[in-house]
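Report on the structure given below.
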Amino acid sequence: MKKIRNMDVEWGYKGDVGPEHWHTLCDWFSTGAKYPYQSPVDLSKNVTNGASASRAIDFCYKTEEFTEKEFKNTFHFVPPNTESYVIFEDEKYYLTDIHFHTPSEHTFDGEHAPLEFHLVHMNNSGDNLVVGCLFTITEDENRFSKKQTTLKWNSETHQQWFDPSIFLPEQKSHFHYLGSLTTPPTKGPVHWFVFDSIQKMDQDFFERIYEGMLPFNNRPVQALNGRKIYFSE
């Protein structure tokens, strides 16, 4: 197959366009795959390299408008005005996208959760920082339930208004490591912050965003290749 750089190259999660073949589909994907620290990875407190208090992350989120989009094999909440951001090492990373993977891409001690949301951020230099939040899906009352959620949804215009903090757990303990994007071109470096708690998401809410999506869209766990994994309480 002739390799070309093309943002419209078809890729997926099985067959000849599946994850094991992404690097063969075009030069752009091939270049990204050469970054040695690929994501996702298996996370365990038993193999961390100590605390990472110096790598603290501050969330500066606010209620803002999001637009519903379906591309790259998943559902996305995209903020047109990127008003929310995080601060890491005195640098602002603006929230540019929220999407999900089923089952989770990261694993805890080798175990997948049913669902993982990625909150993708970018600084003014074009560097990425991604926050990973894992969920189980339930019919029990939770903050995504219709009676509790603060998310406002206009089905006709495909617009939503909410504070992205709704995806964050109350307990902010997390893993931090250096990795890559988990979809083509899988480029790095990307700062990953993955909360270690598995939260609850409402079944009805999940079905609303899951309709028409792939039955699974998670990249397999990648080798650590000697990199350091940190954990912060």
Side-chain angles (χ1 to χ4, degrees), residues 12-14 39-40 43 59-86 95-121 130-175 181-183 192-221:
Y13 289 91
K14 62 181 181 180
S39 296
L43 299 167
F59 290 89
C60 302
Y61 284 174
K62 60 180 292 185
T63 299
E64 62 175 306
E65 175 190 350
F66 289 81
T67 301
E68 168 191 336
K69 295 183 181 294
E70 295 179 13
F71 63 95
K72 293 187 176 179
N73 298 298
T74 191
F75 179 101
H76 298 255
F77 292 112
V78 180
N81 302 313
T82 58
E83 300 175 41
S84 297
Y85 60 90
V86 299
L95 180 65
T96 60
D97 175 75
I98 301 174
H99 64 268
F100 71 86
H101 297 270
T102 55
S104 68
E105 295 200 304
H106 289 91
T107 54
F108 293 157
D109 294 310
E111 295 292 329
H112 289 276
L115 175 66
E116 179 174 351
F117 268 83
H118 290 164
L119 289 77
V120 183
H121 306 74
V130 185
V131 174
C133 303
L134 278 64
F135 292 85
T136 185
I137 303 166
T138 179
E139 295 182 358
D140 296 339
E141 282 290 314
N142 59 81
R143 63 180 177 275
F144 291 93
S145 302
K146 289 182 179 180
K147 294 181 180 180
Q148 296 191 29
T149 186
T150 57
L151 189 150
K152 297 180 180 178
W153 199 309
N154 188 322
S155 299
E156 294 182 358
T157 62
H158 301 286
Q159 292 172 292
Q160 301 85 29
W161 291 265
F162 61 89
D163 183 334
S165 297
I166 192 174
F167 290 98
L168 307 180
E170 293 183 7
Q171 173 62 33
K172 297 298 191 293
S173 54
H174 61 266
F175 296 95
L181 298 178
T182 64
T183 58
W192 276 94
F193 292 83
V194 182
F195 289 113
D196 72 318
S197 57
I198 299 179
Q199 305 176 77
K200 293 182 178 181
M201 177 163 288
D202 183 67
Q203 176 75 36
D204 289 340
F205 178 86
F206 174 68
E207 288 179 357
R208 186 169 191 172
I209 61 176
Y210 184 67
E211 184 178 2
M213 296 293 101
L214 295 173
F216 64 92
N217 64 345
N218 63 323
R219 188 189 193 193
V221 166

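All residue numbers refer to positions in the sequence shown, counting from 1.
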TODO: Over 60° means perpendicular and under 30° means parallel, so classify the ring planes of F77 and F66, tilted if in between.
DONE: perpendicular
Open item on the list: Over 60° means perpendicular and under 30° means parallel, so tell me whether F100 and F117 are parallel, tilted or perpendicular.
Closed with: tilted
- [ ] Among I98, L168, I198, find the one that has a side-chain contact (heavy atoms from CB on, under 4.5 Å) with C133.
- [x] L168
Less than 3.5 Å apart, any donor N or O on the side chain of [X] or [Y] sitting next to an acceptor on the other?
| X | Y | result |
| --- | --- | --- |
| E68 | H76 | no |
| Q159 | E65 | yes |
| T138 | Q203 | no |
| T182 | E105 | yes |

Quick check: do [X] and [Y] have side-chain heavy atoms less than 4.5 Å from each other?
| X | Y | answer |
| --- | --- | --- |
| N154 | Q160 | no |
| N218 | T102 | no |
| V120 | L95 | no |
| Y210 | L115 | no |
| V194 | L43 | yes |
| T96 | P79 | no |
| P114 | P103 | no |

Look up atom [atom1] in [X] and atom [atom2] in [Y], then write down how far apart they are to the nearest 0.5 Å.
| X | Y | atom1 | atom2 | result |
| --- | --- | --- | --- | --- |
| S145 | E139 | OG | CD | 10.0 Å |
| T107 | L134 | OG1 | CG | 9.0 Å |
| H99 | M213 | NE2 | CE | 12.5 Å |
| F75 | E70 | CZ | CD | 6.5 Å |

So, the side chain of [X] versus the backbone of [Y]: is there a donor-acceptor pair under 3.5 Å, distance only?
| X | Y | value |
| --- | --- | --- |
| N142 | D202 | yes |
| H112 | S104 | yes |
| R143 | Q148 | no |
| T149 | L151 | yes |
| N217 | N73 | yes |

TODO: Determine, using ring centers only, whether W192 and H106 are less than 6.0 Å apart.
DONE: yes
TODO: Mind running side chain to side chain contact (heavy atoms under 4.5 Å, CB included) on H121 and V130 for me, showing each step along the way?
DONE: CA-CA 6 Å; H121 306 74; V130 185; 5.8 Å; no
Can you name the closest pair of heavy atoms from [X] and [Y] and give their distance?
| X | Y | value |
| --- | --- | --- |
| P164 | L119 | O-CD2, 4.1 Å |
| G132 | H118 | CA-CD2, 4.1 Å |
| E64 | N81 | OE1-C, 4.3 Å |

TODO: State plainly whether the residues K62 and E83 are in salt-bridge range, i.e. N to O under 4.0 Å.
DONE: yes
Open item on the list: For E207, I'd like to know if atom CD has over 12 heavy atoms of other residues, nucleotides or ligands within 6.0 Å.
Closed with: yes
Task: Over 12 foreign heavy atoms within 6.0 Å of NZ, K172 - done: yes
TODO: Report the residues that fulfil ring-ring contact (aromatic ring centres under 6.0 Å, His included) with W161, sequence neighbours left out, ordered by chain and then residue number.
DONE: none
TODO: Report the residues that fulfil ring-ring contact (aromatic ring centres under 6.0 Å, His included) with F144, sequence neighbours left out, ordered by chain and then residue number.
DONE: F135, F167, F205
Open item on the list: Restricting to side-chain contact (heavy atoms from CB on, under 4.5 Å), what partner residues turn up for T183, sequence neighbours left out?
Closed with: W11, Y13, H101
